[in-house]
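Throughout, numbering of the chain's residues begins at 1 and tracks the sequence.
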Amino acid sequence: MTYQQAGYVAVAKRILGWIIFVPSLLSTFVSVVNLIAGQHDVKGDGVSGDGINAVLNDFLRMMTEMIKFNTPFLDFFWKHSPTPDRLIGITGENISFLVIYILMFVGLAMSASGLRIYRQFKFIKERIEDQMLLELAKESGITKEQLEAKIKFPRHSLFSQIFILYISPIIIGAIAYFLFKFLGVIM
């Protein structure tokens, strides 16, 4: 990748990463809220349960309705985000949810890769400007275009973002599993 291409690739990766990340995050959030609300409204007879469970169920139902009411701009996600049946089991909804969940981290990794390329691009750009000042002082005749033509950027793969792409989903998934286990969403 040349110097000029590096600048364009960095910006494109950052924008594409955020375009993937933001909808995936919103869809995941909506799916989790629907999962929690759906798991606590299993009976459908209006009876909330006994004791603290009744308070928790009413609170979760009220919070879900309040979130839905106050986010009309997320109607697309409220209607089309997959709500997993349970966190364990292979169904179409669960697979769709997991794909969207993983896409969230792919978007973050792509954005991080673009940021890394941009930092290197910016550093090289500043070094070229410094070198040009030195060359003008020496008057040896190397032009800015000749310096830029000598520079080759290394490839920064999306899959080299190890923590964001591989470790973060597992950690967040484990935390969500124990939180849902604590709330009684999964048995």
Side-chain angles (χ1 to χ4, degrees), residues 1 6-44 48-49 53 56-119 155-187:
M1 174 173 16
Y8 298 128
V9 168
V11 171
K13 276 189 169 184
R14 299 274 327 262
I15 291 172
L16 187 60
W18 282 103
I19 288 173
I20 293 171
F21 171 72
V22 171
S24 300
L25 175 69
L26 292 174
S27 180
T28 302
F29 173 74
V30 167
S31 294
V32 169
V33 169
N34 283 335
L35 173 69
I36 291 172
Q39 293 298 320
H40 286 283
D41 193 27
V42 175
K43 294 179 185 175
S48 296
N53 287 337
L56 180 63
N57 291 342
D58 289 341
F59 175 74
L60 289 175
R61 191 175 305 118
M62 180 191 66
M63 290 303 292
T64 302
E65 291 302 319
M66 190 169 62
I67 291 170
K68 284 182 183 178
F69 180 76
N70 288 320
T71 56
F73 56 91
L74 294 178
D75 278 344
F76 176 80
F77 293 104
W78 288 113
K79 293 176 183 171
H80 300 303
S81 292
T83 303
D85 299 330
R86 292 268 183 196
L87 291 178
I88 301 171
I90 298 176
T91 64
E93 294 284 320
N94 289 355
I95 291 172
S96 299
F97 172 76
L98 287 175
V99 167
I100 292 171
Y101 175 73
I102 296 300
L103 277 176
M104 186 170 60
F105 295 98
V106 168
L108 278 177
M110 188 174 291
S111 180
S113 175
L115 181 61
R116 184 172 180 191
I117 293 172
Y118 180 74
R119 278 194 220 126
R155 292 266 181 213
H156 291 286
S157 172
L158 168 70
F159 301 107
S160 66
Q161 307 295 326
I162 293 171
F163 183 77
I164 294 173
L165 193 58
Y166 303 114
I167 298 172
S168 293
I170 295 170
I171 292 172
I172 292 175
I175 291 170
Y177 174 77
F178 288 116
L179 181 66
F180 289 150
K181 189 108 171 144
F182 176 73
L183 290 174
V185 173
I186 57 177
M187 303 300 170

Practice prompt. May I ask you to test the V30-K79 pair for a side-chain heavy-atom distance under 4.5 Å?
Written response: no

Fill in: Short side-chain to backbone donor-acceptor contact, S113 and A109, under 3.5 Å
no

Worksheet, complete the sentence: Scanning both residues in full, the closest heavy-atom pair of M110 with K13 reads CG-O, 3.5 Å

Discussion item. Nearest 0.5 Å, please: how far is OH in Y166 from CD1 in I102?
Written reply: 11.0 Å

Item to complete: Please report the shortest heavy-atom distance between S31 and T83, naming the atom on each side.
Response: O-CG2, 4.2 Å

Response to the item:
Heavy atoms of N94 and P84 approach each other most closely as OD1-CB, 2.9 Å

Item to complete: To the nearest 0.5 Å, tell me how far E93 CD sits from L98 CG.
Response: 11.5 Å

Response to the item:
Rounding to 0.5 Å, atoms CE (M63) and CE (M66) come to a distance of 3.5 Å

Item to complete: Assign the ring pair Y101 / F97 to parallel, tilted or perpendicular, where the plane angle (0 to 90°) is split at 30° and 60°.
Response: parallel

Fill in: Over 12 foreign heavy atoms within 6.0 Å of CZ, F69
no

Worksheet, complete the sentence: On a heavy-atom basis, the closest approach of M104 and L25 is SD-CD1, 3.4 Å

Worksheet item: Do you know which two heavy atoms are closest between F29 and I67, and how far apart they sit?
Response: CE2-CG2, 4.3 Å

Worksheet item: Heavy-atom count around F77 CZ within 6.0 Å, excluding the residue itself: above 12?
Response: yes

Fill in: Test item: S27 side-chain N/O and P23 main-chain N/O as donor-acceptor pair under 3.5 Å
no

Worksheet item: For W18, does the CH2 atom have more than 12 heavy-atom neighbours from other residues, nucleotides or ligands under 6.0 Å away?
Response: no

Item to complete: Kindly give the heavy-atom pair with the smallest separation between A6 and I117, and that separation in Å.
Response: O-CG2, 3.5 Å

Item to complete: Quick one: pull up OG1 in T64 and CG in N34 and give me the separation to the nearest 0.5 Å.
Response: 7.5 Å

